[in-house]
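Ligands are counted one by one from 1 in listed order, and the atoms in each one are counted from 1 as well.
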Amino acid sequence: MEDTPATRWQAVEQRISAAAVAAGRNPLEITTVVVTKFHPASLVRELSEAGVTDVGENRHQEAVSKQEQLSDLALTWHFVGQLQSNKAKAVAEYCSVIHSIDRTSLLRALAGSERTVDVFLEVNLTHDSGRGGVMPSELLGLAEETLATPNLNLLGLMAVAPLEEEPAAAFDRVVALSHELHSLAPQATKLSIGMSADFEAAIAAGATHLRIGSAITGKRPATP
Ligand SMILES: *Cc1c(COP(=O)(O)O)cnc(C)c1O
């Protein structure tokens with residue numbers, strides 16, 4: 001079989017289905033967001049023609065340009081990267097889902113947005129508070145403020161497994177935090193965990209959204 005983004009996507013989808021079945025889960029409850037950062041709009045179009053419906057980006061300028069070039073396609077755009085407050089409102093205009101809410105200044109920036117945006121709260125699983133994500137001790141406070149912000153629909157939690165930890169152990173910590181979140185927001189049950197290297201472990205842990213880049217797109221170009 002030819003090795004193209006479309007065939008890699010199909011191969012990944014098969015692995016996702018197999019991992020879901022092995023975990024006793026329905027593959028249809030798992031959304032694959034194909035992260036296309038640094039790749040051209042033409043690659044996103046190719047993936048859309050192959051059946052991809054959800055794409056993820058991590059930089060506003062690059063994302064908005066691709067979204068404009070591909071406005072004829074029925075794609076759902078997800079923002080997965082660190083977000084600057086002064087870009088948040090613009091991102092909400094073309095992204096249906098923002099996975100990287102990690103501070104109250106973003107909530108304030110999004111409060112005036114014109115349409116409802118689905119959001120994940122990103123949890124920082126490292127000890128380095130300079131990384132993206134809210135520290136676990138501050139999660140519930142941020143969740144309360146999210147619930148009080150008009151036009152935001154809290155889906156659940158997002159996290160990136162740290163390189164220095166077994167992904168399964170990291171995802172277990174996210175699941176425990178998710179249970180804490182449910183006491184405050186019973187409907188916020190979604191989990192955006194799992195990337196190219198660890199999506200099978202994420203599915204076993206209960207992922208509902210996978211953010212998969214290089215396993216599908218191939219290696220990212222060095223310069224965006
Ligand atoms: C780039 C990126 C991904 C995808 O990473 P791969 O390892 O290429 O699958 C997922 N989540 C976030 C936040 C990213 O920035």
*Quick one: nearest non-hydrogen protein atom to atom 13 (C) of ligand 1, plus distance?*
Val80 O, 3.3 Å

_Please list the nearest protein heavy atom to atom 6 (P) of ligand 1 with its residue and the distance rounded to 0.1 Å._
Ser196 OG, 3.5 Å

*Going by the atom numbers of ligand 1, which of them fall below 4.0 Å from some non-hydrogen atom of Ile212?*
9 (O)

_Parallel, tilted or perpendicular: ring planes of His99 versus His209, cut at 30 and 60 degrees_ = perpendicular

*asked:* For atom 14 (C) of ligand 1, tell me which residue out of Arg211, Lys37, Met195 has the closest non-hydrogen atom.
replied: Lys37

*Below 4.0 angstrom from a heavy atom of Ser214, which ligand 1 atoms are there? Numbered from 1 as shown, please.*
6 (P), 7 (O), 8 (O), 9 (O)

*Can you check whether Gly213 has an N/O within less than 3.5 Å of an N/O in ligand 1?*
yes

*So does Arg45 pair up with Asp72, basic N to acidic O under 4.0 Å?*
yes

_Heavy-atom check, side chain of Val33 versus side chain of Val55, under 4.5 Å_ = no

*asked:* Does anything in residues 155-177 form a side-chain hydrogen bond (donor to acceptor under 3.5 Å, both in side chains)? List the pairs, not counting sequence neighbours.
replied: Glu165-Arg173

*Pairwise side-chain hydrogen bond (donor to acceptor under 3.5 Å, both in side chains) hits with a residue in residues 110-119, at least two apart*: Asp118-Asn153

*Is His99 touching ligand 1 with its side chain, its backbone, both, or neither, if touching means heavy atoms under 4.0 Å apart?*
neither

*Qualifying residue for side chain to side chain contact (heavy atoms under 4.5 Å, CB included) with Ser65, from Gln67, Glu62, Gln69*: Gln69

